[in-house]
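Report on the structure given below.
Predicted model only: the values in this text are computed from it and were never measured. Protein chains get the first letters and strands the later ones, always in sequence-line order, with residue 1 at the start of each.
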Amino acid sequence: MIKIARVWLAVCATAGILFGQSPAKVPDLSGFWERRDDTGSGSFGGTLEKIPRAAIKPEIVKANQEAAARQARGEVVSFGSKWCATNSYPFFMQHSAAWDIIQGQDEIALVPEVHTFARHIYLDGRQHPDATHLEPSVNGHAVGHWEGDTLVVDSVGFAGGGGTPGGGRVTPNSHLVERFHLFEGGRRLSVTFTWDDPTVYLKPHTYELTYYKSEPGTYAFEEYCHADDPAQGGSVVEPPQK
Amino acid sequence: MNHLNNRNGLWAALLVLTVPVLAETPNLSGFWELRFDSRNVPPAPLTAAMAAEDRGVQFKLDTTATRWCHFFGVPYVMEGSTIDILQNVNGREIAITSALRNPARHIYTDGRGHVNPDTFDPVSNGHSVGHWEGDTLVVDTTNYRPGLFMQITTEKLHVVEKYTRTGPDSIQWEVTIDDPGAWTKPWTAMIPLRRSKDALYEYACHEGNYGLQGILAGARAEEKTATQKTSSTK
């Protein structure tokens, strides 16, 4: 009896390889994931308040303070929403809208509803392009591998212009390492972010965000941002020009 | 569990447990692109009402959509750049992403039906469900936002796609498009997709994009000319 089972397992393993099944079993991260207000803060912005403050360089602190002062005076510090500029990573990971993980064998895609591109994480063993061939992008260039039950993703090549929870910034020099790990029987997902950037941080900035698996049958919406929509244009109000 | 105590029962149980492995569907995952031989698509017959529409107005609407980076939806998103087809290993969903400024497509293959149109906001990609017929993935899409395809489609647009692997580096993509508000009858295109060695870049469509600056400069020049003509005729 045991011999039959062994033979069958060998047949299955061979068939699995021939038909493209991954010989190594890894967790299934796929599906829609969403954030919830676990802290009772009352807002999604508030859910980020417990993220530790990043240790950032004095010149960045000064620049942030100057921008805050300009904003307090009624000046516009960003026209991004008015012109529907694509949101930089990791914005959609902090957003209230769910995002979808599609898990292939050689690639994982993170597909958000918010106004930005899908994020492609390559698991086929490739490396990052060298600096001369690295095209900056809002999501960066991401490669991943499995360390036991944890998906480890290494990203470079960000276009920059966005920020991180805790007061950090994303620049073309940023290097991000993320660790994706299921817990509570696969109903929740932990993502630990570690940002490093010699032009921004005094030391690497690490924080964790957690997500809940959306209900089965969940489907995606599209965020439709029109720069010619008067309401969208009205998202930024310029002060009177002197 | 007595049946496991005899040899035939064990074989049967092992067979049931392993059928999903052997019955695996073809793998469409990868980067794909259209080649020079992919665009031999005959013109589709427009309805009389649509044919009577002012083409100049249509062109202007389309230029506006381009200028303001509107989403174009399916099938434009399939043919305008390299696409990435990513098939979930659990078989429940397939995503198609494009380098164009358009949301990724979600194709649900978990057996669900279409959403209730009364409770679903139409979107540029529509709502797609798929199933396998032998080695062919059949995708059915409804609930489109009106105004796709050069601004001519309506909420009645219904698209059926068939994806068949024809070789290690090729997929036959057959798409049947039906919209009684735009065309007199359904029309079908059969388009070969070739495996791409290109990367998928992000398409930055916004003010500050040099191409868009050119489009806007051209539009402003047209407006200026029109204003001057109006002034000279007064």
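Here the side chains of A/His120 and B/Asp84 are in contact, with some heavy-atom distance below 4.5 Å. Inter-residue side-chain proximity for B/Val123 and A/Phe221 is flagged as unmet; no heavy-atom pair is nearer than 4.5 Å. With contacts defined as side-chain heavy-atom distances shorter than 4.5 Å, the pair B/Ser124/A/Glu222 qualifies.
For B/Thr97, the part lying near chain A is the side chain, with the backbone staying farther off; criterion is any non-hydrogen pair under 4.5 Å. For chain A, the nearby part of B/Arg145 is the side chain; its heavy atoms alone come within less than 4.5 Å. Contact annotation for A/His141: neither backbone nor side-chain heavy atoms come within less than 4.5 Å of a heavy atom of chain B. Both the backbone and the side chain of A/Gln103 come within contact range of chain B, with heavy atoms under 4.5 Å apart.
The shortest heavy-atom contact between B/Ala95 and A/Ile102 is CB-CG1, 3.6 Å. B/Asn88 and A/Ile101 make their closest contact through ND2-O, 3.9 Å (heavy atoms, listed as atom of the first residue, atom of the second, distance). Closest of all the heavy-atom pairs between A/Val111 and B/Ala104 is CG1-CB, 3.5 Å. Residue A/Thr218 comes nearest to B/Arg112 through the heavy atom pair O-NH1, 3.1 Å, listed as atom of the first residue, atom of the second, then distance. Counting all heavy atoms, side chain and backbone alike, B/Tyr108 lies closest to A/Tyr219 at OH-CA, 3.2 Å. The heavy-atom pair separating A/Gly104 from B/Val89 by the smallest distance is C-CG1, 3.9 Å.
Enclosure of atom CG in A/Asn173 by more than 12 non-hydrogen atoms of other residues, nucleotides or ligands within 6.0 angstrom is indicated. Heavy-atom contacts from other residues, nucleotides or ligands closer than 6.0 Å to CZ of B/Arg92 number 12 or fewer. In A/Glu215, the CD atom is not crowded: 12 or fewer heavy atoms of neighbouring residues, nucleotides or ligands sit closer than 6.0 Å.
In this structure, A/Gln105 CD and B/Leu86 CG are separated by 10.0 Å, a value rounded to the nearest 0.5 Å.
Aromatic ring centres of A/Phe32 and B/His106 lie closer together than 6.0 Å.
The most heavy-atom pairs under 4.5 Å with chain B, out of A/Asp28, A/Val138, A/Asn139, A/Thr116, come from A/Val138.
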